[in-house]
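Keep in mind it's a predicted model, so treat the numbers as computed, not measured. What's counted below: heavy atoms across the whole structure, side chains too, no hydrogens, waters or symmetry copies. Atoms within each ligand, like the ligands themselves, are counted from 1 in listed order.
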Amino acid sequence: MAAALDIPIVPTAQSKLKGLSLENLPFGKHFTDHMLEADFVDGKWASAIIRPYTSLTLAPSVAALHYGQAIFEGIKAYKDQQSKPYTFRPHDNFERFNASAERMQMPTVPVELFMHGMMQLVKLDQDWIPAYTDHSLYIRPFMFSTDEMIGVRPSDTYKFMIILSPTGPYYSAPMRIWVEEKYVRAVSGGVGYAKAAGNYGGAMYATAQAKLKGYDQVLWTDPYEHKYVQECGTMNVFFIIGNKAITPGLEEGTILGGVTRMSVMTLLQEMGLTVEERKLGMDEVLAAHKAGELREVFGTGTAATISLIKELCYKEHSLQFDINKWEVAPGIKDKLAAIREGRIADTHGWMVPVV
Ligand code: COI
């Protein structure tokens, strides 16, 4: 890590943790005692501070509220068997954050502010890391434009923040998925690969429509033929067909390069599966299902970790799966949890201690 930068800390007078159980908390509803805040002014990052978690005062003309120059990340912190705090592959999220910043014409954040600031904050609030299986402290770095102006141009000023949220599992039950053929999430040349706030806002209408039909999430398809799969809800998606694990490739810029996705690809290879990152059409999925070769379908993400898909609805087809017979996704999920919770050795160097 780059030279440590000591960010001043204003501690809270009273922790909110007393009397709060950290077990089975819903995702993203509780926040820890402190937050990190820094401002980009006159071409540089300044005034970084860690202070009690509180509301912000913003002018109604703040540019981010109008034109959506806003990006974020999701990282998780865990405790090992000796109660030592660790974060999972934070450098990968740091790099993706800055790739998102560049795509959205925003300034990049220096490694010492992002990484060291995050470590200082997690260390301060480490008592908030839940020590239960499938639980973690979700770290949410984000940045938004702060110029007070409603002219359409990149802002000159920005705010970078990190907040922390103790959480249980995100999608707790296996999911029923609607394969979306009308609305799209991403096109080649667009911002699909960036963790831009608008990607999530733009997905909400189609997701709500799928929910009205009784499904949990949508499986996004390509914008031209509505045939090639992209992402599933807020997750990357994997199909196990025979001895192959297939996930859409990143080359078109329509897929978020998930850190969990990368980790799962490594673990699948270690399980002896052939991993293919490539275009996967729904015709191939249907044919594999008909031939009895489509073994498992699951989503991966930081918030969701591994989420099993028990049904895919595509045109007039309903593909149903008996998830009780599955071995791959549950095996990967258990292994990832065991690495994260320090129950087995981290042979990949994914766990970065909070220092
Ligand atoms: C994540 O997995 O970290 C996500 O970004 C999904 C989400 C909760 C928006």
Margin query: Looking only at distances, can you tell me whether any N or O atom of Tyr138, backbone or side chain, sits closer than 3.5 Å to an N or O atom of ligand 1?
Written below: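 Such a contact does occur with ligand 1.
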Check: Checking side-chain contact (heavy atoms from CB on, under 4.5 Å) against Pro166, which of Thr32, Ile129, Asp125, Leu17 comes through?
Finding: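 Answer to the side-chain contact (heavy atoms from CB on, under 4.5 Å) test with Pro166 among Thr32, Ile129, Asp125, Leu17: Thr32.
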Item checked: Carboxylate-amine/guanidinium proximity below 4.0 Å for Glu270 and Lys335 ->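 Salt bridge present between Glu270 and Lys335.
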Check: Can a salt bridge be assigned to the pair Glu181 and Lys315 using a cut-off of 4.0 Å between side-chain N and carboxylate O?
Finding: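 Yes, charged N to carboxylate O under 4.0 Å.
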Margin query: Does either side chain, that of Glu276 or that of Thr274, offer a donor lying less than 3.5 Å from an acceptor on the other one?
Written below: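 No donor-acceptor contact under 3.5 Å links the two side chains.
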Next item on the list: State the atoms of ligand 1, each with its element, that fall below the 4.0 Å cut-off from a heavy-atom position in Thr302.
Entry: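 Those atoms are 1 (C), 2 (O), 3 (O).
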Next item on the list: Pull out every atom of ligand 1 sitting under 4.0 Å from any heavy atom of Phe27, numbered as shown with elements.
Entry: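 The list of qualifying atoms is 8 (C).
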Next item on the list: Locate the shortest heavy-atom distance separating Ile323 from Ile309; write the atom from each residue and the value.
Entry: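 Of all heavy-atom pairs spanning Ile323 and Ile309, the closest is CG2-O, 4.2 Å.
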Notebook entry, point to check: Using a heavy-atom cut-off of under 4.0 Å, does the side chain or the backbone of Lys195 touch ligand 1, or both, or neither?
Noted result: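 Only the side chain of Lys195 comes within reach of ligand 1.
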Next item on the list: Using heavy-atom distances, let me know which of Ala303, Gly74, Ala304 sits nearest atom 1 (C) of ligand 1.
Entry: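 Selected option, by shortest heavy-atom distance: Ala303.
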Check: What protein heavy atom is closest to atom 9 (C) of ligand 1, reported as residue, atom name and distance in Å?
Finding: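 Its nearest protein heavy-atom neighbour is Tyr200 CE2, 3.6 Å.
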